[in-house]
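The structure appears below as structure tokens.
Position 1 is the first residue of the sequence, and the numbers go up from there.
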Amino acid sequence: MLRLVSYLASLALVAVVLVTGGGTAQADGCYTWNRSLSEGASGEDVRQLQIRLSGYPGYGGVLGLDGQFGPATKSALVRFQQAYGLAADGVAGSGTYSRIYSLQDDDCTPVNFSYAELNGCNSDWSGGKVSAATARFNALVSMWKLQALRHALGDQAVRVTSGFRSISCNNAVGGASDSRHLYGDAVDLGSGPHSLCRLAQQARNHGFNGILGPGYPGHSDHTHVDHRSSRFWSASSCGI
């Protein structure tokens, strides 16, 4: 009996260490970090962290996904930690990882968005202007940016009306010939709990180089966000 009690106590201690100790946290179905990360670190685990932090670059910023933990990554991490009431020390440890794990599903999408939601065109992400894998990855990054936007807006629903389009799907809806939807990195948002202008205004803080909304031709009924290479924001009815 004493041996059983001792064994159960040791299991409880291991559980506490996994949840609270050092740079590790409980295993996750999508991705598990196995060390603390801070400025100067590099590697795939840094890149995976950057994907989850891509919605926290600060006003007008875009966080690089290069696997290098530099000042921009530290600043994004601090904003993430502040947003979720964590110790804002710019070091990714068990508390940060546990929060990320709670925000993602086993396919690495954030809990409030899905691949299906960002692709109403086909099931395999093919037929656009980039490979299916690239289009799918671009959509994943979009979702993490939208998750940050959603949290900043009080965790109320953000309604997606269009995401990835193949060339044929884009032609069918009269999209521009080089629409960012063809690259999988554009999302159209409809009004809901928040107005189109509120969505466009808030998107400026969450890593979107492209923001088009009311006041821009053809955008009276949605707000468009994307990852184009340079900034272009236009929603004159919203003061953008």
Going through the checks in order, is the side-chain contact (heavy atoms from CB on, under 4.5 Å) test met by I240 and Q201?
CA-CA 7 Å; I240 297 174; Q201 291 159 352; 3.9 Å; yes
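- Under a 4.0 Å N-O distance rule, the pair D188/R165 qualifies as a salt bridge.
- Across all their heavy atoms, A235 and A200 have their closest contact at CB-CB, 4.5 Å.
- The backbone N or O of G95 lies less than 3.5 Å from no partner atom in the side chain of S98, so there is not a single donor-acceptor pair.
- Of the inter-residue distances, the one linking W233 atom CH2 with I211 atom CD1 reads 5.0 Å to the nearest 0.5 angstrom.
- Closest non-hydrogen pair, W144 versus C108, comes out as NE1-O, 3.1 Å.
- Note that the CG atom of L140 and the CG atom of D107 stand 8.0 Å from one another [nearest 0.5 Å].
- Listed here is the closest heavy atom pair of L196 and L189: CD2-O, 3.5 Å.
- Hydrophobic clustering of Ile, Leu, Val, Met, Phe, Trp and Tyr side chains at less than 4.5 Å, counting indirect connections, unites L146 with L65.
- Listed for the S102 side chain is a donor-acceptor partner under 3.5 Å among the backbone atoms of R99.
- Residues that satisfy the ring pair (Phe, Tyr, Trp, His ring centres under 6.0 Å) test with H227, not counting sequence neighbours, are F208.
- Closest non-hydrogen pair, S177 versus L182, comes out as O-CD1, 3.4 Å.
- What you find for P110 and Q147 is that their closest heavy atoms are CB-OE1, 3.4 Å.
- G55 and A148 make their closest contact through O-CB, 3.5 Å (heavy atoms, listed as atom of the first residue, atom of the second, distance).
- For the ring pair (Phe, Tyr, Trp, His ring centres under 6.0 Å) condition, no pair includes a residue of residues 182-207, sequence neighbours left out.
- Between D66 and R47, none of the side-chain N atoms (NZ, or NE/NH1/NH2) sits under 4.0 Å from a carboxylate O, so this pair counts as no salt bridge.
- Rounding to the nearest 0.5 Å gives a distance of 5.5 Å between CG of L212 and CZ of R228.
- Residue L63 holds its CG atom at 13.0 Å from CZ of R52, rounded to the nearest 0.5 Å.
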Hey, mind stepping through Y97 and L37 against side-chain contact (heavy atoms from CB on, under 4.5 Å) and telling me if it holds?
CA-CA 10 Å; Y97 299 143; L37 295 174; 3.4 Å; yes
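- Residues Y115 and F137 share a single hydrophobic cluster, defined by chaining ILVMFWY side chains whose heavy atoms lie under 4.5 Å apart.
- Using modelled atom types, no side-chain atom of E117 and backbone atom of G163 make a donor-acceptor pair closer than 3.5 Å.
- The cluster map of Ile, Leu, Val, Met, Phe, Trp and Tyr, joined by side-chain heavy atoms under 4.5 Å apart, puts Y84 and V158 in the same cluster.
- For D221, there are no salt bridge (Lys or Arg N to Asp or Glu O under 4.0 Å) partners at least two apart in sequence or on another chain.
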Apply side-chain contact (heavy atoms from CB on, under 4.5 Å) to the pair L153 and L199, showing each step before the final yes or no.
CA-CA 9 Å; L153 292 175; L199 293 168; 3.9 Å; yes
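- Qualifying ring pair (Phe, Tyr, Trp, His ring centres under 6.0 Å) partners for Y56, counting only residues two or more places apart in sequence or in other chains: F80.
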Can F113 and V187 be said to form a side-chain contact (heavy atoms from CB on, under 4.5 Å), step by step?
CA-CA 12 Å; F113 299 93; V187 185; over 6 Å; no
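- In this structure, the side chains of D155 and R150 come closer than 4.5 Å at one or more pairs of heavy atoms.
- Ring planes of H222 and H219: tilted class, angle from 30 to 60°.
- F69 and V91 fall into different hydrophobic clusters, where Ile, Leu, Val, Met, Phe, Trp and Tyr are joined by side-chain heavy atoms under 4.5 Å apart, directly or via other members.
- N122 contributes a side-chain N or O that, together with a main-chain N or O of W125, makes up a donor-acceptor pair within less than 3.5 Å.
- Side-chain contact, Q81 with T96: a donor N or O sits under 3.5 Å from an acceptor N or O.
- Applying the ring pair (Phe, Tyr, Trp, His ring centres under 6.0 Å) criterion to Y31, with sequence neighbours excluded, gives W33.
- Interatomic distance, CZ of R180 versus CG of D185, reported as 4.0 Å (0.5 Å rounding).
- Rounded to the nearest 0.5 angstrom, K74 NZ and S38 OG are separated by 8.5 Å.
- Side-chain heavy atoms closer than 4.5 Å link hydrophobic residues (I, L, V, M, F, W, Y) into clusters, and following such links, even through other members, never connects L103 to V78.
- Under the rule for a side chain to side chain contact (heavy atoms under 4.5 Å, CB included), the partners of R159 that lie at least two apart in sequence or sit in another chain are T161, S191.
- Ring geometry, H181 versus H224: the interplanar angle exceeds 60°, so the pair is classed perpendicular (tilted spans 30 to 60°).
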